[in-house]
Amino acid sequence: QVQLVESVGGSVQAGGSLRLSCVASGKTYNRNFMAWFRQAPGKEREGVVSIYTSGRRTVFASSVKGRFTISRDDAKNTIYLQMNSLKPEDTAMYYCAAGLIPPLTMEAEAGHFDPGNYNYWGQGTQVTVSS
C-alpha cells in the first residue's frame, strides 16, 4: 500500500501562484509514476501532469503547459506542483495519484492521464482561483 497526503490548497486571485505538495509513504516501491489530477464540479477528473519517479520524464496537459511545473524530492518521497499564472478555470479539487504502471502503458501520453492506471490516490485538496 502507498499512502498519499496532499498539502492544503488555497484561494488566490487570477494570475497568482500556489504550490501543492504530495508526500508518499508506505510501500513506496509500489509506484513508478505519480501524477496530479483535478476535478471541477460537474466535470470529469482530468490529468494535469505526470512524472516518472525513476527518471525525468514529465507529461503536462496542454491546458497547464508553460504555467505549471512539477518537481520531486526523492529523499522526502515528495512531489511538488508549482502553479503559476493561475486562471479561474484552474479551480478544482486537486488529487495526487501514484501507481506501478508498465512503461509500455505510458508510452502514449493518454496513458499518463487515465485515472484507471493509478492505484493510489490522496484525499484531494481544493484550489480556488477568483477572477
Side-chain angles (χ1 to χ4, degrees):
Q1 285 283 59
V2 176
Q3 292 79 41
L4 303 173
V5 178
E6 299 106 337
S7 59
V8 174
S11 297
V12 295
Q13 291 191 327
S17 298
L18 278 175
R19 188 176 83 154
L20 303 179
S21 64
C22 173
V23 180
S25 61
K27 296 181 179 180
T28 55
Y29 51 81
N30 277 356
R31 59 180 174 90
N32 58 352
F33 285 92
M34 294 188 71
W36 287 95
F37 285 76
R38 66 187 182 186
Q39 188 167 18
K43 294 189 176 181
E44 293 186 353
R45 190 168 296 190
E46 64 172 358
V48 175
V49 59
S50 75
I51 184 167
Y52 181 47
T53 59
S54 299
R56 296 183 181 274
R57 186 184 181 194
T58 57
V59 177
F60 288 86
S62 57
S63 59
V64 305
K65 200 172 292 186
R67 301 187 298 122
F68 291 12
T69 59
I70 188 169
S71 60
R72 69 177 202 252
D73 184 335
D74 293 336
K76 296 181 179 179
N77 288 321
T78 301
I79 61 170
Y80 301 94
L81 178 65
Q82 178 66 42
M83 304 181 290
N84 299 324
S85 302
L86 283 162
K87 304 175 181 180
E89 51 263 44
D90 294 317
T91 295
M93 187 73 78
Y94 282 70
Y95 297 90
C96 178
L100 187 60
I101 307 169
L104 188 62
T105 301
M106 304 298 255
E107 283 192 358
E109 288 195 1
H112 289 257
F113 297 145
D114 180 353
N117 284 334
Y118 295 86
N119 310 95
Y120 308 103
W121 293 84
Q123 78 284 0
T125 186
Q126 179 67 39
V127 171
T128 302
V129 184
S130 58
S131 58

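Quick caveat: nothing in here was measured; it's all calculated off a predicted structure.
- Note that CG of Asn117 is 10.5 Å distant from OG of Ser50, once rounded to the nearest 0.5 Å.
- Across Thr78 and Lys76, no two heavy atoms sit closer than the pair OG1-O, 2.8 Å.
- Using cut-offs of 30° and 60° on the angle between ring planes, the pair Phe37 and Phe113 is perpendicular.
- By the 6.0 Å and 45° rule, Arg19 stacks over the aromatic ring of Tyr80.
- Considering CD of Gln13 and OG of Ser131, their distance stands at 9.0 Å, rounded to 0.5 Å.
- Geometric assessment of Arg31 against the ring of Tyr120 yields a negative cation-pi assignment under the 6.0 Å and 45° thresholds.
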- Message: Between Leu20 and Glu6, does the side-chain contact (heavy atoms from CB on, under 4.5 Å) criterion hold? Intermediate values first, please.
- Response: CA-CA 7 Å; Leu20 303 179; Glu6 299 106 337; over 6 Å; no
- Query: Is there a side-chain contact (heavy atoms from CB on, under 4.5 Å) between Cys96 and Trp121 once you walk through the steps?
  - Reply: CA-CA 6 Å; Cys96 178; Trp121 293 84; over 6 Å; no
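- Listed for the His112 side chain is no donor-acceptor partner under 3.5 Å among the backbone atoms of Val49.
- Taking every heavy atom of both residues into account, Ala61 and Gly47 meet most closely at CB-O, 3.4 Å.
- Once rounded to the nearest 0.5 Å, the distance linking NZ of Lys43 with CE of Met93 reads 15.5 Å.
- Tracing side-chain contacts under 4.5 Å through hydrophobic residues (I, L, V, M, F, W, Y), one reaches Trp36 starting from Val12; they form part of the same cluster.
- Transitive grouping of hydrophobic side chains (ILVMFWY, heavy atoms separated by less than 4.5 Å) keeps Val59 and Tyr95 in distinct clusters.
- Panel note: side chain Thr125, backbone Ser7; a donor-acceptor pair is recorded below 3.5 Å.
- Looking only at side-chain heavy atoms (C-beta outward), Asp90 and Phe68 come within less than 4.5 Å of each other.
- Using a 4.5 Å cut-off on side-chain heavy atoms (C-beta onward), Gln126 and Thr91 make contact.
- Checked by atom type and distance alone, the side chain of Asn84 never pairs as donor or acceptor with a backbone atom of Ser17 at under 3.5 Å.
- Side chain of Asp114 to main chain of Gly111: no donor-acceptor pair is present (N/O by atom type, distance under 3.5 Å, no hydrogens or angles).
- At least one donor-acceptor pair under 3.5 Å links the side chain of Thr53 to the backbone N or O of Asn32.
- Transitive grouping of hydrophobic side chains (ILVMFWY, heavy atoms separated by less than 4.5 Å) keeps Tyr94 and Tyr118 in distinct clusters.
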- Message: Apply side-chain contact (heavy atoms from CB on, under 4.5 Å) to residues Val127 and Met83 and explain how you reach the verdict.
- Response: CA-CA 10 Å; Val127 171; Met83 304 181 290; 3.9 Å; yes
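- One N or O on the side chain of Arg67 and one on the backbone of Ser85 form a donor-acceptor pair closer than 3.5 Å.
- Side-chain atoms of Arg38 never come within 3.5 Å of backbone atoms of Val48 as a donor-acceptor pair (strictly under, hydrogens ignored).
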- Take Leu4 and Met34 through the test side-chain contact (heavy atoms from CB on, under 4.5 Å) and record every step on the way to the result. CA-CA 10 Å; Leu4 303 173; Met34 294 188 71; 3.8 Å; yes
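- There is no path of hydrophobic side-chain contacts, each under 4.5 Å, that joins Met106 to Ile70.
- Leu18 and Phe60 fall within a single hydrophobic cluster, where Ile, Leu, Val, Met, Phe, Trp and Tyr side chains are chained together by heavy-atom contacts under 4.5 Å.
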